[in-house]
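Below is one structure, written out as structure tokens, with a few remarks after it.
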Amino acid sequence: MELVMNSEEMKAAQDYVNNVYETVKKRNPNEDEFLQAVKEIFQSLVPVFAKSPKYMEHNILERIVEPERLITFRIPWVDDQGKVQVNRGFRVQFSSAIGPYKGGLRFHPTVNASIIKFLGFEQIFKNALTGQAIGGGKGGSDFNPRGKSEGEVMRFTQSFMTELCKYIGPDTDVPAGDIGVGAREIGYMFGQYKRLTGRFDAGVLTGKGVGYGGSLVRTEATGYGTVYFVEEMLRDQGLTFSGSTVVISGSGNVSIYAIDKAQEYGAKVLACSDSDGYIYDENGICLDTVKRLKEVERARISDYVKEHPHAQYFEGSTGIWTIPCDIALPCATQNEINEQSAKTLVANGVKAVGEGANMPSTLEAIDVFLENRVLFAPGKAANAGGVAVSALEMAQNSSRVSWSFEKVDRKLKHIMKDIYRNSINAAEEYGYPGNLVVGSNVAGFLRVADAMIMQGVV
Ligand code: NDP
């Protein structure tokens, strides 16, 4: 995304950003995903530095981009054949400027330092946007849950927590789920943490089962929140989900509840996917089937067509973006929409794209959307509903109360509306009206940067 330079201040700000980015590149070689996330955020902050040079004087950028702490550790465990396996664990405690570190754990074979750092860096700004007192963190492991038995998942997860427990706590760092980590894994981790510490620290993890300290709506929060955010963005342009066709990638936690809310809002969801391929159902996806296949049977999305023979299954997950639709919600993984897929979506008439996943669009794809005036909701704003309800879970845990579904859902909706409003206002104020990439980055950054200045050089 090229921002237009129009003054000496903008030139000085651009030089500052370029210099810091070069340092980051040298310090973090071969970390493509991390550098991609840094580049997007840095570039959109140029107008902030031009308008308020104090952030350059305090060198906020160079400080915020260096994690406060990056922990890596060994996770030994024994598989069902009695063989010792070893995985690598990570926790990045990126920023505690506005609250305890907060961010999910991902179990996926692609996990490495670059992925965890990109997610942790994004999380700082996302968490700030929610208006709640939560800093930025992220973690996970290169463990692949696919094909593992229940016993293997439990033994691995317990070993993971045996090391992680040294670094987390309700006022220090509060992990949650992400790809490959759902209610089952959070349950095993909570059990192991409790056993190791001898304390029932309900607030040490979020995404817990509702029976032992979890919050209602946490499971639905990211998917619902994404749809609430996108509906707000559509409404500003006189559009709505109702009567629209929608394509939603993935079939995990975020996708399932995005499908749920989009359908409730009157949209027809034509397709969803997993990492092997996608299904197209011209009648609209049957969510009950997807939920059972994925949440209960842990099956593949290809099995959908066995029960719905009129639907079609296609190998390869990225083909999903060739389906014409009004609204696209990428809810699977990073970089799932590249420049070509973005061009195809635009050629097929897409009106809005809302990122349920983290960084699902490449920088080039975002440019294609913005240049073609597609309404674009970046992940750090649109998918902030998950962490927002996690913070509500922490609030309920510390006050030992449980709120009703309606109450949490109402709060979630308000938070998503506020994030939209604050982002769109920041975009306007900094000279990029309607650009939610700039708006969300700026709004999130200002809150964290001001806290950093107030707390001195730490
Ligand atoms: P899940 O593990 O529940 O689901 C992930 C889904 O994406 C699965 O259907 C998976 O398919 C699919 N997927 C994974 N990798 C690929 C790939 N390379 N190509 C196509 N599909 C793929 O994870 P979540 O739903 O929790 O997370 C999805 C995204 O949302 C991630 O980017 C995550 O960081 C982000 N997010 C999640 C939040 C949450 O609260 N859970 C909060 C904010 C953001 P398969 O089963 O084949 O692996």
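The structure presented is a predicted model; accordingly, all values stated were derived computationally and were not measured. Remember, it's 1-based here, ligands and their atoms both numbered in the order they're listed. The figures that follow rest on heavy atoms only: side chains count, while hydrogens, waters and symmetry mates do not.
- The proximity of E295 to ligand 1, defined as any non-hydrogen pair under 4.0 Å, does not occur for either the backbone or the side chain.
- Remark: the S390 side chain and the R218 side chain contain an N/O donor-acceptor pair separated by less than 3.5 Å.
- Taking each of G277, P330, G252 in turn, the one with a heavy atom nearest to atom 5 (C) of ligand 1 proves to be G252.
- Here is the list of ligand 1 atoms found below 4.0 Å of a heavy atom in R300: 45 (P), 46 (O), 47 (O).
- Looking only at atom types and distance, the side chain of Y188 has a donor-acceptor partner in the side chain of E150 under 3.5 Å away.
- Within the 4.5 Å cutoff, the side chain of D276 has no heavy atoms near those of the I301 side chain.
- Taking only non-hydrogen atoms, the option from T222, T226, N358 nearest to atom 42 (C) of ligand 1 is T222.
- Not counting sequence neighbours, Q237 has no partner by the side-chain hydrogen bond (donor to acceptor under 3.5 Å, both in side chains) test.
- Short contacts between ligand 1 and R218, defined as distances under 4.0 Å to a heavy atom of the residue, involve ligand atoms 40 (O).
- Between the side chains of N441 and E40, at least one donor-acceptor pair of N or O atoms lies under 3.5 Å.
- Taking a cut-off of under 4.0 Å to the non-hydrogen atoms of C331, the atoms of ligand 1 that pass are 28 (C), 29 (C).
- Of the protein's heavy atoms, V254 CG2, 3.5 Å lies nearest to atom 37 (C) of ligand 1.
- Within the structure, ligand 1 lacks M359 among the residues with a heavy atom less than 4.0 angstrom away.
- The closest side-chain donor-acceptor pair between N358 and K380, if any, does not fall under 3.5 angstrom.
- Protein heavy atom at the shortest distance from atom 2 (O) of ligand 1 is G180 N, 2.9 Å.
- Counting only non-hydrogen atoms, the option in T333, D178, I179, N253 that gets closest to atom 34 (O) of ligand 1 is D178.
- Scanning all protein heavy atoms for the shortest distance to atom 31 (C) of ligand 1 gives A332 O, 3.4 Å.
- The shortest separation from a heavy atom of G182 to ligand 1 is not under 4.0 Å, leaving the residue out of contact.
- By the side-chain hydrogen bond (donor to acceptor under 3.5 Å, both in side chains) test, T289 is found to be paired with H308, residues two or more places apart in sequence or in another chain being considered.
- The closest side-chain donor-acceptor pair between T245 and D326 falls under 3.5 angstrom.
- Of all protein heavy atoms, the one lying nearest to atom 47 (O) of ligand 1 is S275 OG, 2.4 Å.
- Taking 4.0 Å as the cut-off, R106 counts as a neighbour of ligand 1 on heavy-atom distance.
- Atoms of ligand 1 lying under 4.0 Å from any heavy atom of S251, numbered from 1 in the order shown and given with element: 9 (O).
- Across G223, C272, G103, S317, heavy-atom proximity to atom 19 (N) of ligand 1 is greatest for S317.
- By the 4.0 Å N-to-carboxylate-O rule, E163 lies close enough to K166 to be salt-bridged with it.
- In this structure, a donor-acceptor pair under 3.5 Å is absent between the side chains of T362 and Q36.
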